[in-house]
Amino acid sequence: EVVTIVDATLQLLIDLEETTSADQNNNNPFDDVNMGSKIYYLLNIFLCPESLLCKEEIRKKISILWEKCLNRVVNDDNATADFVSACLEHSQIRIDKIRSNNNDNDDDDDINDHIDPKDEKLLATILNGGADSSSKASSQAIQQFVSDLCDAYQEYGAQYEEFTEGIRLFLMPHLLPSGIRCEVLRQLRPFAHLLVLEKEKENHSVLKSAVEMVLLARRRDSSQVLDLLADILRTKQGGKEGFFFVYAVSALSQALIDGQQKRGAIMEGMKRRLLPLPQSTGRIILETTSRVLS
């Protein structure tokens with residue numbers, strides 16, 4: 001029964017998306033749902049039991065929705081704010097329940113101690129136009145959601161390509177604060193070589209296009225993200241091909257290009273990252289940079 005309900009719901013969402021695309025002048029209420037919220041709620045399906053995700057008909061419909069949404073979210077300037085807002089709103093019931101069941105302030109502080117203050121401030125800026133009013137509990141909601149997805153991916157999700165496409169969304173520089181993206185990379189580090197689809201293994205141009213879509217953003221990677229990407233490339237966990245390898249090489253090449261243009265501390269940081277890399281990997285990064293600058 002659950003499978004039937006979810007299957008019917010996904011089909012309804014597909015029909016609504018197709019109606020929206022076919023007629024831009026209609027009064028489809030689905031038009032009022034922003035892309036960031038659509039992505040957030042679609043990701044939630046991966047937190048369902050594997051007994052649901054293993055159904056081929058469910059995964060086919062998820063794949064159709066991804067195809068319709070992912071290309072659009074890259075060019076949506078409001079995607080970050082909408083995604084974060086949807087997550088905070090959805091988690092508020094759970095947060096309120098935790099607060100009502102826990103009157104020990106010390107315990108509350110312990111729960112949220114690991115929140116990066118920079119991320120908390122950035123989320124507040126995104127949501128409130130600069131007003132630093134985001135609470136630790138709100139920031140915790142974002143990290144908890146991402147952490148739950150990473151746990152599910154490690155436990156059973158890596159075998160499903162639709163889940164892989166969803167988890168790769170968190171690698172986009174413009175979607176989430178760098179501290180949260182670093183947490184995603186740390187959790188997925190042992191599985192980095194699995195972040196590739198079968199069609200990308202067979203066709204390098206498809207792989208290249210997938211990486212370009214993820215990296216297509218106005219916001220550059222932070223030094224913390226670049227350090228972590230370089231650190232993973234130094235080990236076998238990064239692989240020698242596949243999505244993560246191309247993604248990390250592309251991100252480091254872009255950072256090197258920025259360093260060439262600005263010099264100073266950026267260039268020194270890139271030297272520090274590149275020198276410990278395997279010689280073949282470092283050569284690929286330098287050759288990629290050279291082709292772009294020439």
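In this text, all values refer to a predicted model and were calculated from it rather than measured experimentally.
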Check your understanding: Which atoms form the tightest heavy-atom contact between Val196 and Gly242, and what is the distance?
Key -> CG2-CA, 4.2 Å
Practice item. Considering only NZ, NE, NH1 and NH2 on the basic side and carboxylate oxygens on the acidic side, decide whether Glu198 and Lys201 come within less than 4.0 Å. Key: yes
Review point. Do the side chains of Glu67 and Ile64 get nearer than 4.5 Å, heavy atoms only?
Key: no
Check your understanding: Under a 4.0 Å N-O cut-off, is there an ion pair linking Asp82 with Lys38?
Key -> no
Exercise for review: Any chance you could measure Glu56, atom CD, to Lys60, atom NZ, to the nearest 0.5 Å?
Suggested key: 4.0 Å
Donor-acceptor pairs under 3.5 Å, side chain of residues 39-50 to any protein atom, not counting sequence neighbours: which ones?
| from | atom 1 | to | atom 2 | distance (Å) |
| --- | --- | --- | --- | --- |
| Tyr40 | OH | His90 | ND1 | 2.7 |
| Asn44 | ND2 | Tyr40 | O | 2.9 |
| Glu50 | OE2 | Gln159 | NE2 | 2.8 |
| Glu50 | OE2 | Tyr160 | OH | 3.0 |

Practice item. Kindly indicate, with the supporting measurements, whether the criterion side chain to side chain donor-acceptor pair (under 3.5 Å) is fulfilled by Thr4 and Asp7. Key: CA-CA 5 Å; Thr4 302; Asp7 184 68; over 6 Å; no
Review point. Given the rule in the side chain to side chain contact (heavy atoms under 4.5 Å, CB included) test, do Leu207 and Asn203 qualify, once you have shown the distances and angles that lead to the verdict?
Key: CA-CA 7 Å; Leu207 173 60; Asn203 190 328; over 6 Å; no
Review point. Short question: side chain of Ser290, backbone of Leu286 - any donor-acceptor pair under 3.5 Å?
Key: no
Practice item. Flag the pair Leu185 / Leu171 as yes when at least one side-chain heavy-atom distance between them is below 4.5 Å, and no otherwise. Key: yes
Check your understanding: Side chain of Arg273, backbone of Ala230: donor and acceptor closer than 3.5 Å?
Key -> no
Review point. Hey, is the main chain of Leu197 close enough, under 3.5 Å, to the side chain of Glu200 for a donor-acceptor pair?
Key: yes
Practice item. Report yes or no: does Ser63 contribute a side-chain atom to a donor-acceptor pair with the main-chain N or O of Arg59 at less than 3.5 Å? Key: no
Exercise for review: Inspect the contact between Lys61 and Glu57 and indicate whether a charged nitrogen and a carboxylate oxygen are less than 4.0 angstrom apart.
Suggested key: no
Practice item. Taking the side chain as every heavy atom from C-beta outward, state whether Thr164 and Leu194 have any atom pair closer than 4.5 Å. Key: no
Practice item. Report yes if the side chains of Val184 and Cys150 come closer than 4.5 Å at any heavy-atom pair, otherwise no. Key: yes
Check your understanding: Thinking salt bridges, do Lys199 and Glu161 make one under a 4.0 Å N-O criterion?
Key -> no
Review point. Would you say Arg181 and Gln224 make side-chain contact, with heavy atoms under 4.5 Å?
Key: no
Review point. Is Arg168 close enough and on-axis enough to Phe243, meaning under 6.0 Å and within 45°, for cation-pi?
Key: yes
Practice item. To the nearest 0.5 angstrom, please state how far the NZ atom of Lys55 sits from the CG atom of Leu53. Key: 11.0 Å
Check your understanding: Side chains of Arg189 and Asp231: closer than 4.5 Å at any heavy-atom pair?
Key -> yes
Exercise for review: Could you tell me which non-hydrogen atom of Pro190 sits nearest to which non-hydrogen atom of Arg186, and how far apart they are?
Suggested key: CD-O, 4.1 Å
Study note, to complete from the structure: Distance col, row Ser51:OG vs Ile58:CD1, nearest 0.5 angstrom, shows 10.5 Å
Check your understanding: According to a 4.5 Å side-chain heavy-atom criterion applied to Ile, Leu, Val, Met, Phe, Trp and Tyr, with indirect links allowed, do Leu13 and Val2 form part of one hydrophobic cluster?
Key -> yes
Practice item. Might you work through the side chain to side chain contact (heavy atoms under 4.5 Å, CB included) test for Leu65 and Glu17, ending with a clear yes or no? Key: CA-CA 8 Å; Leu65 284 169; Glu17 281 288 345; 4.2 Å; yes
Review point. Can you tell me how far the CD atom of Glu162 sits from the CH2 atom of Trp66, to the nearest 0.5 Å?
Key: 10.5 Å
**Study point:** Non-hydrogen side-chain atoms of Leu229 and Phe244 separated by less than 4.5 Å
**Key:** yes
Check your understanding: Measuring from Cys69:SG to Ile62:CD1, what's the distance to the nearest 0.5 Å?
Key -> 12.0 Å
Side-chain donor/acceptor pairs under 3.5 Å, residues 277-285, sequence neighbours excluded:
none

Practice item. Search all heavy atoms of Met270 against all heavy atoms of Leu252 and return the closest pair with its distance. Key: CE-O, 3.3 Å
Review point. Do Leu12 and Leu16 come close enough that some side-chain heavy atom pair is under 4.5 Å?
Key: yes
Point to revise | Nearest-0.5 Å distance, OG of residue Ser147 to CZ of residue Phe145 | key: 11.0 Å
